[in-house]
Undergrad: 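Quick one: the structure is below, and I'll ask about it shortly.
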Amino acid sequence: MNRITVFFQSLDISLANGLFALGAAIGSFVLMHAALMLFRKRLGKLSEECQHRPFAQVLIKTLARTGTFAIFATAILIGLSVLDLPEPWNARISHLWFFTLGIQIAMFLHRAVKVGSRSYFLKHKRGGVDQQVTVAHTVVIWLLQTTVWVVFVLALLSNLGINVTTFVASLGIGGVAIALAVQNILGDLFASMSIAVDKPFEVGDSITVDKISGTVEHVGLKSTRLRAIGGEQIIISNAELLRQTVFNFRRMTTRRIQFTLRASPGTPRELAAQVPDRVREIVGKHDKARFDRAHLKTVDQNWIEYEIVYTMLDTDYSLYMDTQQAINLDLMVMFDELGISTAPRPQHVLLQDAAAPGDVRGEQQPAANEYASAALRPRFVNP
């Protein structure tokens, strides 16, 4: 008891100054507690749409974690700050201020990171929460929260007068060494995070990557698994996957179809001119098909060739194949009605008989020449 009395006497605090500090602590505690309750009440009265906004969610969740002890500690520090304290107590009070406010801010950021990242992934997900979202969510939260607390600890040590430059340099060198040792794993890890955040594809999408086609079954920390059309499972590392061009067929809004139609080059001009309009009628019969164009593109000695383009308004592949089949059958009927042949121009083959072996020199030369001349006469045969 005597030691406590001696301690307070050494601080040389007057009664008026002590009462003023006590009043400041009590008043600040009441004001901060009332302001916090009022702020929570106002947030509770927000509309449901406003409450689901990311910023409102962060405020609601972080303020809910602000307890009475944090307010009490801050009020005590306010009271101590108005006291006329000798050295080194003023410096110690400043260190306590830094620790109290720093840890409170770190806790706010810790909570805000979790709420903010969760809101982001829920906003950008499609369908239910899959394992891809869960893994990316966990990794992102862990990295950001670890960064928050590492920065707080380093700042606290620096505020206490500890030289953290060497420690930070050591962390940097150690981090480089670890990164070089596990660079492939880290590459796949960050590629997984990039896939989860940027979402070039999701579980259930049908994609093609470097001549490999399949449906995405799972996106993990290191690899992505595809189910190929043939039934086999294909495993690709995430880093390698992002180096390639990815074709995502599930996100198609329309399907553009282009094909050619050939006819005999002997088709009369009047009949050839009717084909584009008839093709327009055939394609236009289908509700999910939008006709774009049909033109006589090529005329040569073997074919006349039409280029036809239409757009499927539904991306279902089976519907496209059914529609194309119906169009092809109607085109066959159209050619029969117009009397247009699809056969190429007839080809003529020139055949030559080989000359009989023999000596064509001397007396036998005239007869041999006559035989050779007759043998080389062309004969035309229709195939």
Side-chain angles (χ1 to χ4, degrees), residues 54 58 109-154 167-256 315 317:
V58 170
L109 292 177
H110 180 92
R111 187 64 179 175
V113 163
K114 184 175 182 179
V115 175
S117 61
R118 182 176 182 272
S119 299
Y120 175 85
F121 282 103
L122 289 177
K123 180 180 178 181
H124 291 82
K125 75 179 180 65
R126 296 185 181 183
V129 179
D130 54 23
Q131 191 171 359
Q132 173 191 359
V133 173
T134 303
V135 169
H137 186 195
T138 304
V139 172
V140 169
I141 288 178
W142 182 82
L143 289 176
L144 293 179
Q145 289 179 342
T146 301
T147 303
V148 168
W149 287 107
V150 168
V151 171
F152 168 70
V153 171
L154 292 177
F167 181 66
V168 172
S170 300
L171 285 179
I173 296 173
V176 170
I178 295 174
L180 290 176
V182 295
Q183 56 181 339
N184 292 333
I185 298 176
L186 289 178
D188 291 329
L189 174 63
F190 285 107
S192 172
M193 294 174 56
S194 177
I195 292 172
V197 174
D198 192 47
K199 292 188 179 298
F201 54 84
E202 300 178 65
V203 173
D205 288 359
S206 178
I207 65 173
T208 296
V209 182
D210 192 24
K211 299 181 181 180
I212 298 175
S213 299
T215 302
V216 180
E217 283 191 338
H218 171 75
V219 179
L221 290 178
K222 191 178 187 312
S223 63
T224 295
R225 295 197 287 267
L226 306 179
R227 181 65 61 179
I229 299 175
E232 67 273 16
Q233 189 179 70
I234 303 173
I235 301 174
I236 310 175
S237 68
N238 293 326
E240 182 66 24
L241 188 62
L242 290 186
R243 293 192 189 101
Q244 309 294 332
T245 301
V246 179
F247 297 88
N248 193 332
F249 296 102
R250 186 178 180 182
R251 297 182 185 176
M252 293 174 61
T253 56
T254 58
R255 186 186 294 270
R256 185 178 184 269
T315 59
Y317 189 79

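Start at 1 with the first residue, then count along the sequence.
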Undergrad: Below 4.5 Å, heavy atoms only, C-beta onward: do V148 and L144 meet side chain to side chain?
TA: no
Undergrad: Kindly write out the residues that satisfy side-chain hydrogen bond (donor to acceptor under 3.5 Å, both in side chains) with E217, not counting sequence neighbours, or none if the list is empty.
TA: R227, Q233
Undergrad: Hey, could you give me the NE2/OG1 distance between H110 and T146, rounded to the nearest 0.5 Å?
TA: 9.0 Å
Undergrad: Run F201 and R250 through side-chain contact (heavy atoms from CB on, under 4.5 Å) and show every step you take.
TA: CA-CA 9 Å; F201 54 84; R250 186 178 180 182; over 6 Å; no
Undergrad: How long is the straight-line distance from CG of D205 back to NZ of K199, given to the nearest 0.5 Å?
TA: 10.0 Å
Undergrad: Residues in side-chain hydrogen bond (donor to acceptor under 3.5 Å, both in side chains) with D210, at least two apart?
TA: none
Undergrad: What pairs with T315 under side-chain contact (heavy atoms from CB on, under 4.5 Å), at least two apart in sequence or on another chain?
TA: M252
Undergrad: Between CG of N238 and OG of S223, what distance do you get to the nearest 0.5 Å?
TA: 6.5 Å
Undergrad: Quick check: closest heavy atoms across A191 and A239, and the distance to 0.1 Å?
TA: CB-N, 3.6 Å
Undergrad: T147: what forms a side-chain hydrogen bond (donor to acceptor under 3.5 Å, both in side chains) with it, not counting sequence neighbours?
TA: none
Undergrad: For F249, what residues pass the ring pair (Phe, Tyr, Trp, His ring centres under 6.0 Å) criterion, not counting sequence neighbours?
TA: none
Undergrad: Which heavy atom in N248 sits nearest to a heavy atom in P200, and how many Å separate them?
TA: ND2-O, 3.1 Å
Undergrad: Identify, with sequence neighbours excluded, every residue that meets side-chain hydrogen bond (donor to acceptor under 3.5 Å, both in side chains) alongside T254.
TA: none
Undergrad: My understanding is that only residues two or more places apart in sequence, or in another chain, count here; which of them pass side-chain contact (heavy atoms from CB on, under 4.5 Å) with V209?
TA: I207, L241, Q244, V246
Undergrad: Using the side chain to side chain contact (heavy atoms under 4.5 Å, CB included) definition, which of the options V216, L242, I234 pairs with T224?
TA: V216
Undergrad: For V153, which residues count as a side-chain contact (heavy atoms from CB on, under 4.5 Å) partner, sequence neighbours excluded?
TA: L157
Undergrad: Using the test salt bridge (Lys or Arg N to Asp or Glu O under 4.0 Å), find all partners of R256 that sit at least two apart in sequence or belong to another chain.
TA: none
Undergrad: Which pairs count as salt bridge (charged side-chain N to carboxylate O under 4.0 Å, His left out) when at least one residue sits in residues 236-248, sequence neighbours excluded?
TA: E240-R243
